[in-house]
Enquirer: 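Let me give you the structure first, and then I'll get to my questions.
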Amino acid sequence: MVGFVDRLNAQVAASFVGRWFSLEGSGASRERIGSRFTTEIRAGITTWAAMAYIISVNASILSDTGGTCVCNSDDLCVSDTTYLACVNEVRNDLIISTAAISALSSFLMGLLANLPVGMAPGLGLNAYFTYSVVGFHGSGIISYREALAAVFLEGWIFLFLSLLGLRQWLVRIMPQSLVLAVGAGIGLFIAFIGLSPSGLGVIGGDTTNFLGIGGCKEEDYQIVNGAPLANYCAHGQLQNPTMWLGIFLGGTILTVLLMLYRIRGAILIGIIIVSVISWPRPTAVTYFPHTDAGDQLFDYFKQVVTFHPISRIGNALDYNYGNGRVWYALVTFLYVDILDTTGTLYSMAKFAGLRDPVTLDFERSTAAYCTDAFCISMGALMGSSPVTAFIESATGISEGGKTGITAITTSLAFFVSIFFSPIFASIPPWATGGALVIVGSLMIRNVRDINWDYIGDAVPAFLTLIIIPLTYNIAYGVIAGILSYLVINGIPWILMKISRGRLTPPSYDSSEEWVIPPGSIFPWWILKITGRIPPRQEDFVMDERNPRPSVESAQRLESFGEKRKGSL
């Protein structure tokens, strides 16, 4: 069997496929060391398994808008059976559209950008779309159709910015301590998600301290105004059997032990085992309890194979760009999404070891950002909120995914999910929660490279690191880090200039030097048209112990800069 796998990997690597995706042994100019075809397949399935929850979660959140259903009563139609039946049809539409746009966007990301990154409608953005823009059952500032039109236009604006290279440049000019903090902050973020009720449920709400120990059963929830407050434990903490099932089999015990012994597919094995154990109904850990909600989930699960054509939300855009509130929503989507997606793509590329140590960019970045932008608009046509790169891609990367084959495999799994959505939408959160915790522990390693010796670098990095998980938003952490960096380091810089160096902080020598990375703000196609092609990565002599350009590399960069100035 081992011989067959080795032969298969060698044959694929020697083919056109291997050269296109730069598999090891393909002879491509930039082979990705350690990449194997079978490893990429396994990594793609793992990424999909960690992302599959979005099929049901996104549909559940977006259906709260009411979609294209019309409500004419003041009580938001919460008891209108006709309206609620329409909303259920919208939810079924959204299950299909979520799987479809995830399949399309992940496929294009793998094929064109050669990145092991899965794409799907983003959490956080869908909540903002639903509860802040459209509102529950259409009670917000604009209609569902107008919000889709705002998302559609946002995608084309992103495409324009990506073609000009502005999105790529935004991340490249960030101080390195902040870049490292974003990656580590994302690690804390996904670990926090894994521990929260969206995962294992170890962490719950607390009416005094905001957060507290969770893991209680529904009958142990706090009662407020005569109704149970979900995930707020009055007593019985850490007694939920699904939590312990996820911890021992899908999380920190079995999966980590398998990883210790380098068992391939350890994370995927844990997810599958927990899911299968959670499907039978007469157990304490079932995903389908004998409740109204559990009966609905089980009825959908029993269909196994089904296809629900999109009938209510397809191409439902209302291009009412004369409405100022549409532009308000558009601008908000722009600044949140540009920081969220751009930072996530960059961090995933760095986690996969694909960042160029010289230019601080990653290969085919223009294609990656253009793909993301295009799919945002296509998702709007399918009735979905903005598509983004998923931080759960780190699970596949940790399984060895290094090329676009990982993303394409994830795409194919989402495509199959369109027809097997009852099965794939039934992976319980406690099956993937442990995997997110493990991957978060792998991503936190970035903190060791942050410059903690200078407080001007340390504090902005720490704010970025801590605000990302606490606000459930990558963009907010990036904004906090950048603004604090500018203020904390800008004021001393101004004082040094005014005093001609006399008011220099005592520890200023230990600060991290901020430099504009080599290369151009413009993408390769503009440079090719203008005849200003930047030097190749292989032209630089790198020291493995110190990932900075050598003296010879610096001379070549300087020479390139002089030539570029002369051509302007």
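The first residue in the sequence is number 1, and the count goes up from there. Everything numeric here is computed off the predicted structure, so don't read it as measured data.
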Enquirer: Judged by atom type as modelled, is there a donor-acceptor pair below 3.5 Å linking the side chain of Asn114 to the main-chain atoms of Phe21?
Expert: yes
Enquirer: Does a sphere of radius 6.0 Å around CZ in Phe415 hold more than 12 heavy atoms from other residues, nucleotides or ligands, not counting ones at 6.0 Å or beyond?
Expert: no
Enquirer: Test your reading of the model: is there a side-chain donor-acceptor pair from Tyr83 to the backbone of Asn72, 3.5 Å cut-off?
Expert: no
Enquirer: Going by atom types only, do Asn58 and Thr98 share a side-chain donor-acceptor pair under 3.5 Å?
Expert: yes
Enquirer: Would you mind writing out the side-chain donor-acceptor pairs for residues 316-330 within the sub-3.5 Å range, not counting sequence neighbours?
Expert:
from   : atom 1 : to     : atom 2 : distance (Å)
Asn320 : ND2    : Glu146 : OE2    : 2.7
Tyr321 : OH     : Ala149 : O      : 2.9
Asn323 : OD1    : Arg325 : N      : 3.0
Trp327 : NE1    : Tyr321 : O      : 2.6

Enquirer: Does Ile271 offer a backbone N or O that forms a donor-acceptor pair with the side chain of Ser275 under 3.5 Å?
Expert: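 Pair found, side chain donor or acceptor close to backbone of Ile271.
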Enquirer: Could you work out, with salt bridge (charged side-chain N to carboxylate O under 4.0 Å, His left out) as the rule, every residue matching Arg145, not counting sequence neighbours?
Expert: none
Enquirer: Does some side-chain heavy atom of Leu211 sit less than 4.5 Å from a side-chain heavy atom of Phe192?
Expert: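 The answer is yes, as the side chains (C-beta and beyond) meet within the 4.5 Å cut-off.
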Enquirer: Do Pro429 and Tyr287 have side chains that get closer than 4.5 Å, going by heavy atoms?
Expert: yes
Enquirer: What residues, two or more places apart in sequence or in another chain, satisfy salt bridge (charged side-chain N to carboxylate O under 4.0 Å, His left out) together with Arg364?
Expert: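 Salt bridge (charged side-chain N to carboxylate O under 4.0 Å, His left out) check on Arg364 returns nothing, list empty.
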Enquirer: If you compare all heavy atoms of Ile418 against all heavy atoms of Ala100, which two are closest, and at what distance to 0.1 Å?
Expert: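 Minimum heavy-atom contact is CD1-CA, 3.8 Å.
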Enquirer: Before giving the answer on side chain to side chain contact (heavy atoms under 4.5 Å, CB included), spell out for Phe390 and Val117 the whole-Å C-alpha distance, their side-chain angles and the decisive distance to 0.1 Å.
Expert: CA-CA 7 Å; Phe390 256 57; Val117 176; over 6 Å; no
Enquirer: Could you tell me whether the side chain of Thr242 reaches within less than 4.5 Å of the side chain of Pro428, counting heavy atoms only?
Expert: no
Enquirer: Would one find more than 12 heavy atoms of other residues, nucleotides or ligands at under 6.0 Å from atom OH of Tyr221?
Expert: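 Atom OH in Tyr221 is packed in, count exceeds 12.
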Enquirer: Can you give me the closest heavy-atom contact between Val151 and Ser384, atom names plus distance?
Expert: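 Taking Val151 first and Ser384 second, the nearest heavy atoms are CG1-O, 4.3 Å.
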Enquirer: For Ser102 and Pro121, work out which heavy atoms get closest and say how close.
Expert: OG-CD, 3.6 Å
Enquirer: Rounded to the nearest 0.5 Å, what separates atom CD1 in Ile54 from atom OG in Ser417?
Expert: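 It is 12.5 Å, given to the nearest 0.5 Å.
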Enquirer: Is a side-chain N or O of Arg312 found less than 3.5 angstrom from the main chain of Thr68, in a donor-acceptor match?
Expert: no
Enquirer: Would you please test Ile468 and Leu188 for side chain to side chain contact (heavy atoms under 4.5 Å, CB included) and show each step?
Expert: CA-CA 8 Å; Ile468 286 177; Leu188 289 178; over 6 Å; no
Enquirer: Any side-chain heavy-atom pair from Leu62 and Ser385 closer than 4.5 angstrom?
Expert: yes
Enquirer: As a quick check of understanding, evaluate side chain to side chain contact (heavy atoms under 4.5 Å, CB included) for Met348 and Leu345, giving each step before the final call.
Expert: CA-CA 5 Å; Met348 292 301 102; Leu345 273 175; 5.8 Å; no
Enquirer: Using 0.5 Å steps for rounding, measure from the OG atom of Ser162 to the CZ atom of Phe374.
Expert: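 One finds 13.0 Å between OG of Ser162 and CZ of Phe374.
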Enquirer: Taking all non-hydrogen atoms of both residues, which atom of Ala147 and which atom of Val134 are closest, and how far apart?
Expert: CB-CG2, 3.6 Å
Enquirer: Working note: Asp93 + Ser97, criterion side chain to side chain contact (heavy atoms under 4.5 Å, CB included); need CA distance, chi angles, decisive distance, verdict.
Expert: CA-CA 6 Å; Asp93 280 4; Ser97 69; 5.8 Å; no
Enquirer: Which atom names give the shortest non-hydrogen contact between Ala368 and Leu115, and what distance separates them?
Expert: CB-CD1, 3.7 Å
Enquirer: Do NZ/NE/NH1/NH2 and the carboxylate oxygens of Asp295 and Lys302 come within less than 4.0 Å?
Expert: no
Enquirer: How long is the gap from CD1 on Ile482 to OG1 on Thr464, to the nearest 0.5 Å?
Expert: 7.5 Å
Enquirer: Keeping the roles fixed (side chain from Arg91, backbone from Ala59), state whether a donor-acceptor pair exists under 3.5 Å.
Expert: no
Enquirer: Has Glu218 got more than 12 heavy atoms of other residues, nucleotides or ligands less than 6.0 Å from its CD?
Expert: no
Enquirer: Ring-plane angle category for Trp279 and Phe301, please: parallel below 30°, perpendicular beyond 60°, tilted otherwise.
Expert: tilted
Enquirer: Of all residues at least two apart in sequence or in a different chain, which pass the ring pair (Phe, Tyr, Trp, His ring centres under 6.0 Å) check with Tyr232?
Expert: none
Enquirer: Are the side chains of Trp430 and Asn240 in touch, meaning some heavy atoms are under 4.5 Å apart?
Expert: no
Enquirer: Just verifying a value: how many Å separate Ile96 CD1 and Ile55 CD1, rounded to the nearest 0.5 Å?
Expert: 8.5 Å
Enquirer: Do Cys375 and Thr371 have side-chain heavy atoms sitting under 4.5 Å apart?
Expert: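 SC-SC contact between Cys375 and Thr371 confirmed.
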Enquirer: To the nearest 0.5 Å, what is the distance between OG (Ser143) and CG (Leu148)?
Expert: 8.5 Å
Enquirer: Quick check: do Glu154 and Pro386 have side-chain heavy atoms less than 4.5 Å from each other?
Expert: yes
Enquirer: Test: ring pair (Phe, Tyr, Trp, His ring centres under 6.0 Å). Region: residues 90-110. Which pairs qualify, not counting sequence neighbours?
Expert: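 Pairs touching residues 90-110 that pass the test: none.
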Enquirer: Show me the donor-acceptor pairs within less than 3.5 Å that the side chains of residues 403-414 make with the rest of the protein, sequence neighbours left out.
Expert:
from   : atom 1 : to     : atom 2 : distance (Å)
Thr403 : OG1    : Glu40  : OE1    : 3.0
Thr403 : OG1    : Ile405 : N      : 3.2
Thr406 : OG1    : Glu40  : O      : 3.4
Thr406 : OG1    : Glu40  : OE1    : 2.6
Thr409 : OG1    : Ile405 : O      : 2.8
Thr410 : OG1    : Gly44  : O      : 2.9
Thr410 : OG1    : Thr406 : O      : 3.0
Ser411 : OG     : Ala103 : O      : 2.6

Enquirer: Which distance, rounded to the nearest 0.5 Å, do you find between the CD1 of Ile376 and the CD1 of Ile101?
Expert: 10.0 Å
Enquirer: Ser35 side chain to Lys402 main-chain N or O, any donor-acceptor pair under 3.5 Å?
Expert: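 Pair absent, no side-chain N/O of Ser35 close to backbone of Lys402.
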Enquirer: Heavy atoms, side chains only, cut-off 4.5 Å: are Met119 and Ser106 in contact?
Expert: yes
Enquirer: Looking at every heavy atom in both Met51 and Ala120, which two are closest together, and how far apart are they?
Expert: CE-CB, 3.7 Å
